[in-house]
Structure formats: C-alpha cells, structure tokens
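Counting starts at 1 for both ligands and their atoms, following the listed order.
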Amino acid sequence: MNTPSENNRGQWGSRLGFILAAAGSAVGLGNIWRFPYVTGENGGAAFVFVYLLCVFLIGLPLLYVELSLGRASQRNPVDAFKATRPGSPFFLTGFICLAACFVVLTYYGVIAGWTVGYFIAQITQTQLDFAEYTANPVAVLPVFALFIVGTIYIVSAGVEKGIEKWSKMLMPLLFFLIFVIIVRSLTLEGASKGLSYYLDPDFSKIDGKVVLMALGQAFFSLSVGWGLMITYGSYIPKSQNIVTSGFWVAIADTGVAILGGLMVFPAVFAFGMEPDAGPGLTFVTLPAVFAQMPAGWFIGALFFLLLSVAALTSSISMLEVPVSYFVDKDKGARKTSAILVGVFAFVVGIPSALSFGASETLTKLELFGKIGFQGIIDQVFGTLCLIVISLLLSLYVGWVWKPKNAIREIEEGCPWFTKPFAGAVSLASVWTVFIKFICPIVITLVLLDGLGVDLFGDAAATEAAKPE
Ligand code: PFF
C-alpha cells in the first residue's frame with residue numbers, strides 16, 4: 001500500500017494539527033446552536049446527563065472504530081470498507097456516510113449563513129427580528145451562498161494547511177469569548193433558575209425519545225457516525241496515538257457543548273423566555289444578552305464571527321467527506337469535485353433556507369414528529385442516519401473486519417492499549433466488549449424505540465400519566 005504522501009492524499013502535519021482539525025470539525029453549530037435547543041426540548045439537565053453517558057460510553061468507542069478503519073485503509077469511507085474486507089456489502093455504509101454529510105451540509109450552511117447575517121447586523125448595530133430575518137429569502141440566501149463559497153474555497157485548496165492553521169488561531173479565541181459571555185449570562189438577575197434547569201436533573205423526564213435524541217446529539221456533535229473520522233483518520237501518520245488524540249477531541253467537543261448551554265440557559269430564564277424555543281434559541285436570546293453589555297455590539301460581533309468560523313471548520317469537513325471519495329478515484333479531482341458538490345449542496349439547501357417562514361408549505365410540512373422541512377431532514381439525516389451508520393460500523397468492526405485488526409492498528413502509536421491495567425484487563429479488551437456487544441445492542445434498542453417500537457413501555461407510562 002502506498003503511503004499517503006506517495007499517493008498524494010495528504011497527511012496531518014502534527015499531532016496537534018490532527019487534534020485541532022478534528023476538534024474543529026466536532027466543535028461547531030452542534031455545540032453552541034443545536035445542543036442548547038435540543039436540551040431545552042428534551043427536559044434540561046436529565047438530557048445533559050444521558051448525553052454525557054452517550055458521548056463517553058458509545059461515541060468515544062465508535063470514534064476509535066472510525067479512526068482505526070480510516071488509518072488502516074488510508075481511504076475515504078466507501079473504499080475503507082472495500083479495502084479492509086473486499087466483497088463485503090458493508091461498503092454501502094460508506095455511501096450512507098457520503099449522503100449524510102452532503103445532506104446535513106445543505107442545511108448546516110443555511111444556519112451558518114444566519115450567523116454571518118447576525119455578524120453583519122452586530123457590526124452595523126441593526127436589531128434583527130429572528131422570525132422576520134429567517135423568513136426573508138433575500139436576506140438569507142446570499143449569506144448561505146457566501147458561506148458555501150468559503151467552504152468550497154478552503155476544501156479545494158486542500159484541508160491541511162487551511163484547517164490546521166485556522167483552528168490553531170481561532171479555537172482559543174472561541175473559548176475565551178465563550179467564557180466572557182458565560183460570566184455575563186451568569187451574573188444576570190434571575191440566572192439561577194436557568195442554571196438549575198440546566199444542571200439539576202429530573203430523572204423522571206428520561207424516556208426512549210430523550211435517549212434517542214441524546215445519542216443522536218452525541219453523534220452529531222462528535223462528528224461520529226458520518227465517516228468523517230474515517231476520512232480524517234486516513235490522514236493520520238502511523239506513529240500517532242489515536243487513543244489519546246481521540247480522547248482530547250471528545251473532551252474539547254463536550255466541553256464546548258456544556259459551556260454552550262451555560263451561556264444560553266441562564267440568559268433564557270433571566271429574560272423570561274422559554275427553553276424549548278427550538279432552533280431560534282441562540283439567535284433570539286444571545287443578542288438580547290449582548291444588548292445588556294457595555295460595548296455589547298462588539299462582543300456580539302466577535303461572537304457571531306467566531307460562530308461562523310466554528311461552523312466553517314465543520315462544514316469544510318462535511319464537504320471533505322464526499323470530496324475525498326472523488327479524490328481517491330482521481331487525484332486531480334479535488335477542485336472540480338469541491339465546486340460541483342458545493343454548488344449542488346447550495347441548490348439542495350434552498351428548500352431548507354425557505355422552511356423558516358418564506359414558504360408556507362415547507363415551513364408547515366410535518367413528518368416524523370417534526371414540523372418544517374429543515375427539522376425533518378435534520379431528524380432523518382442529522383439523527384437517524386447517524387445512528388444507523390454507527391450501528392453498521394460497530395457491527396462491521398466487531399464482527400466482520402474483527403476487533404483484532406482494529407486493535408493492531410490502534411496499537412501502532414499506542415502500545416499500552418493492549419497492556420492490562422494493574423494486572424487486570426486491558427483497554428483493548430474493554431473496547432472489544434463495547435464494540436461487539438454494548439454499542440450495537442444499545443444503539444439497536446434506542447433506534448427501535450425511536451422508530452416507534454414501544455420497548456421501554458413509554459406508551460403505557462404516558463397513558464398512565466394522562467389526566468382522567
Ligand atoms: N460536529 C459538528 C457540530 O457539532 O456542529 C457537525 C459536523 C461536522 C458533523 C462535520 C459531521 C461532520 F462531518
């Protein structure tokens with residue numbers, strides 16, 4: 001097999017480069033925009049608790065699945081399956097990965113476009129009414145286009161230098177700004193109600209739907225279950241330690257998600273708003289917080305700029321997944337495929353952009369318990385698809401490719417993975433149990449429940465809880 005540099009696929013310049021690029025993919029709108037509103041729609045602190053369990057017990061083991069598969073095969077998600085088990089139908093999973101990344105990019109770009117619009121509004125000190133703004137195609141389509149153009153530009157130039165360099169500069173700044181805003185949010189009068197909503201779990205709120213949403217959010221946020229980590233893993237040199245690098249990515253991602261909630265909920269309650277406001281939560285409440293700060297417009301502008309950049313490092317990685325597929329077919333195809341896939345994503349994203357009031361039909365469309373076109377495709381591709389992919393991935397590595405092959409790959413760069421801790425079991429053995437049994441069983445149960453099979457007796461419980 002050729003080395004990546006020989007076959008021109010590219011490679012991360014340093015360990016930190018990979019961690020920051022992968023964290024740049026993971027940390028995005030999912031942490032600061034999606035996490036708070038999904039938490040708000042699913043009961044607050046109890047959801048956060050389940051989410052954390054999902055990240056570390058299911059998401060992290062699967063992160064290692066993707067990274068080891070990517071590095072072992074040095075291929076895009078489709079060919080990673082073909083290279084490791086020729087003839088197995090599991091390569092079809094790779095196509096679902098490509099589809100999920102592509103479809104989510106189509107609406108991710110729309111929301112990222114709003115962040116650009118809000119940045120401009122903060123700079124020009126214009127008050128935006130969220131409902132009015134998002135329902136206006138003349139306002140949202142150009143910023144959506146601008147964002148896609150930026151994504152195409154960076155992906156066509158090759159990810160390594162752009163992403164590594166940008167991530168190094170912007171991630172620390174993002175952290176700093178989040179802290180500034182948290183301090184302001186927590187010192188607002190009435191903030192404590194928001195804090196207890198966010199941090200005091202009421203476990204009676206946990207049901208099958210909450211677990212499904214928490215698992216979906218964990219996959220969405222970690223960028224696990226998209227084939228993205230297969231792609232990024234394929235650029236990792238053999239000498240690097242996948243285990244610790246992956247762990248840092250998970251810590252950075254979860255940290256920013258938790259901080260995102262800490263920023264939003266105290267302010268939501270302080271301003272007497274509803275925590276289950278849905279996708280508008282961040283865009284409605286944070287500008288209200290900025291308006292209370294001295295030089296708030298400036299902090300607000302920086303915040304939305306950084307949110308746009310966080311979204312950009314994520315959308316680049318989403319575009320990179322289908323592009324890597326074409327690049328592996330034809331080394332010279334990077335630029336053309338980035339442009340074609342990107343422009344197509346813009347066109348397919350237009351209905352999402354119009355589903356926030358511009359088109360009544362798209363706004364009121366109802367399916368899978370979600371209202372609105374964007375909400376529906378988020379449910380299908382941004383939640384269900386990821387869960388299906390993750391299930392197939394764990395079955396593939398657990399039972400078809402076999403954990404021993406993945407372990408051999410992980411061991412390179414991390415020799416202690418197979419060494420028993422204190423004479424007991426090794427991390428590799430624990431991981432094997434998770435991949436072969438725990439992950440597939442938990443994911444199947446959650447999936448079936450989410451699809452309406454009444455496994456956990458929720459229907460009976462809901463029925464019993466109904467007032468006479
Ligand atoms: N993890 C990103 C977020 O939380 O915003 C979303 C994402 C980016 C998912 C890239 C998948 C991906 F390939």
As a test of reading the model: which N/O atoms of the protein lie under 3.5 Å from N/O atoms of ligand 1, and at what distance?
| residue | atom | partner | partner atom | Å |
| --- | --- | --- | --- | --- |
| ligand 1 | 1 (N) | S25 | O | 3.2 |
| ligand 1 | 1 (N) | A26 | O | 3.0 |
| ligand 1 | 1 (N) | F220 | O | 2.9 |
| ligand 1 | 1 (N) | S221 | O | 3.0 |
| ligand 1 | 1 (N) | S223 | OG | 3.0 |
| ligand 1 | 4 (O) | A26 | O | 3.0 |
| ligand 1 | 4 (O) | G30 | N | 3.4 |
| ligand 1 | 4 (O) | N31 | OD1 | 3.3 |
| ligand 1 | 5 (O) | L29 | N | 3.1 |
| ligand 1 | 5 (O) | G30 | N | 2.7 |
| ligand 1 | 5 (O) | Y108 | OH | 2.6 |

How are the rings of F417 and Y64 set relative to one another: parallel (under 30°), tilted (30 to 60°) or perpendicular (over 60°)?
perpendicular

Can you say whether the rings of Y51 and F35 are parallel (under 30°), tilted (30 to 60°) or perpendicular (over 60°)?
tilted

With a 4.0 Å cut-off on N to O distance, would you call K209 and E41 a salt bridge?
no

So, E412 and R71, do they make that salt bridge, N to O below 4.0 Å?
no

Are T151 and S315 close enough, and set up right, to give a side chain to side chain donor-acceptor pair (under 3.5 Å), and what steps lead you there?
CA-CA 7 Å; T151 307; S315 66; 3.1 Å; yes

What side-chain donor-acceptor pairs closer than 3.5 Å can you find for residues 210-218, not counting sequence neighbours?
| residue | atom | partner | partner atom | Å |
| --- | --- | --- | --- | --- |
| Q217 | OE1 | R34 | NH1 | 2.6 |
| Q217 | NE2 | G30 | O | 3.0 |

